[in-house]
Amino acid sequence: KFTDAFAGELWTTDTASELATQVAAMETLIGNGASNSEIIEEARDVKKAIDAAQKGEASKQFSEGLRPWKDVDTTSDWFAGAAFKVKDSGIMKGDGASGYTELKPASETNRAEAVVMAARAAGIEDLGKGKTPTSRVGQGMPDWAKSAAAALEARGVNLDSILKGGADGSITRGEASVLVAESLNLEATSDSAANNFKDSNKFDPSLTRAAAALYENGIMTGYGKGSALEGQLGVDQPFLRAELAKVIVEAQGVAEVMK
């Protein structure tokens, strides 16, 4: 299964050869009646070889432009299409610690990142250049996010009201819902659409309007079946980077139609 010919198509020869070596060693141990502890130890080496092969393939696909980031699998990740779009449009640059080669899709989105993404999605980031935010939250943002904060404020987005947790920390799903809806001027025909979320009793007026717009336009419909929060928006839950990428892309599409 792990010949050099196969490796040429999928993985680098080195990683595939290492994997073949480890699998052969495992087969030898089993054939010689090795103890469970010996087999388990070799199994760990097999797992390491598999991980190395997968990382090698991910890097290869990334370098060839087949993946937007190394940690986004275009064959299985539900957010892969959105990931390509937010990268191509410059809305998301990637994770700085990885040299911008990874998205870190399962990581929480901090509030400064979300503010910058919202301003870019709305196409107004440049409007804040050279300007100082007037809100408490905006002034507390790191320097690289202040122009985006100023741009959103100029559009009428009240960051102090939306980002109740301040400038630091991870943005919640409730905060992100209002930020995206107000930044892109999304509206619903009726606020009653917010009642489709099972936790709508926790919504304040601004979140009610935002949730209604997001639900009515099919952008956010709550946690799916099987989740402990099924049917809820998840007001206080963190908004993951993959989730925000998907929501921003869909919200942009709706905003274009609404213009």
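If you're wondering where the values come from, they're calculated on a predicted model, not measured in any experiment.
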Is it the case that Lys246 places NZ or CZ above or below the six-membered ring of Trp78, under 6.0 angstrom from the centre and within 45 degrees of the axis? no
Under the salt bridge (charged side-chain N to carboxylate O under 4.0 Å, His left out) test, which residues partner Glu182, sequence neighbours left out? none
All side chain to side chain contact (heavy atoms under 4.5 Å, CB included) counterparts of Ala188, not counting sequence neighbours: Ala212, Ala213, Glu216
Using 0.5 Å steps for rounding, measure from the CG atom of Leu214 to the OG atom of Ser177. 5.5 Å
Are Phe84 and Met117 connected in a single hydrophobic cluster, I mean Ile/Leu/Val/Met/Phe/Trp/Tyr linked by side-chain heavy atoms less than 4.5 Å apart? no
Are Arg120 and Glu125 within salt-bridge range, i.e. N to O under 4.0 Å? yes
Quick check: does any side chain N or O of Thr109 sit under 3.5 Å from a backbone N or O of Ala114, one acting as donor and the other as acceptor? no
Are Ile91 and Val116 co-members of a hydrophobic cluster defined by side-chain heavy atoms under 4.5 Å apart? no
For the NZ atom on Lys146, are there more than 12 heavy atoms of other groups (residues, nucleotides or ligands in this structure) within a distance under 6.0 Å? yes
Name all residues meeting the side chain to side chain contact (heavy atoms under 4.5 Å, CB included) criterion together with Ser183; count only those two or more places apart in sequence or in a different chain, and write none if there are none. Ala118, Leu152, Val157, Leu179
Name all residues meeting the side chain to side chain contact (heavy atoms under 4.5 Å, CB included) criterion together with Asp77; count only those two or more places apart in sequence or in a different chain, and write none if there are none. Val72, Asp73, Phe79, Ala80
Is the side chain of Glu175 donor-acceptor paired with the backbone N or O of Leu163 at a distance under 3.5 Å, no angle test? no
Please tabulate, for side-chain N and O atoms in residues 198-205, each donor-acceptor pair with protein atoms closer than 3.5 Å (sequence neighbours left out).
from	atom 1	to	atom 2	distance (Å)
Asp199	OD1	Leu233	N	2.9
Asp199	OD2	Leu233	N	3.4
Asp199	OD2	Gly234	N	2.9
Ser200	OG	Phe197	O	3.3
Asp204	OD1	Ser206	N	3.3
Asp204	OD1	Ser206	OG	2.9
Asp204	OD1	Leu207	N	2.8
Asp204	OD2	Lys164	NZ	3.1

Checking Lys129 now: which residues fulfil salt bridge (charged side-chain N to carboxylate O under 4.0 Å, His left out) with it, not counting sequence neighbours? Asp126
Nearest heavy-atom approach of Ala176 to Phe239 is CB-CD2, 3.2 Å
Between Ala245 and Met92 the two heavy atoms that sit nearest each other are CB-SD, 3.6 Å
Look up atom CD1 in Ile248 and atom NZ in Lys85, then write down how far apart they are to the nearest 0.5 Å. 13.5 Å
For Glu153, which residues count as a salt bridge (charged side-chain N to carboxylate O under 4.0 Å, His left out) partner, sequence neighbours excluded? none
Give a yes or no answer on whether the side chain of Arg111 reaches the backbone of Asp168 with a donor-acceptor pair at less than 3.5 Å. yes
Assess whether side chain to side chain contact (heavy atoms under 4.5 Å, CB included) is satisfied between Ile219 and Val180, documenting all intermediate values. CA-CA 11 Å; Ile219 298 169; Val180 170; over 6 Å; no
Take Thr172 and Val235, measure what side chain to side chain contact (heavy atoms under 4.5 Å, CB included) needs, and give me the verdict at the end. CA-CA 7 Å; Thr172 66; Val235 179; 5.6 Å; no
Take atom CD in Glu187; do more than 12 heavy atoms of anything else shown fall under 6.0 Å from it? no
Which ILVMFWY residues are connected to Leu240, directly or by a chain of links, through side-chain heavy atoms under 4.5 Å apart? none
Rounding to 0.5 Å, atoms CZ (Arg173) and CD (Gln237) come to a distance of 8.0 Å
Asn110 side chain to Gly169 main-chain N or O, any donor-acceptor pair under 3.5 Å? no
Results of side chain to side chain contact (heavy atoms under 4.5 Å, CB included) for Ala167 - residues two or more places apart only: Val137, Met141
Look up atom OG1 in Thr221 and atom CG in Asn196, then write down how far apart they are to the nearest 0.5 Å. 9.5 Å
Trace of the side chain to side chain contact (heavy atoms under 4.5 Å, CB included) decision for Glu250 with Met220: CA-CA 9 Å; Glu250 295 190 2; Met220 289 181 72; over 6 Å; no
Just to verify, what does Glu108 make a salt bridge (charged side-chain N to carboxylate O under 4.0 Å, His left out) with, not counting sequence neighbours? none
What residue pairs, at least two apart or across chains, pass side chain to side chain donor-acceptor pair (under 3.5 Å) with a residue in residues 91-100? none
The reported gap from CZ in Arg67 to CG in Asp71 (rounded to nearest 0.5 angstrom) is 8.5 Å
Should side-chain heavy atoms under 4.5 Å link Ile, Leu, Val, Met, Phe, Trp and Tyr, which residues sit in the same cluster as Leu229? Tyr223
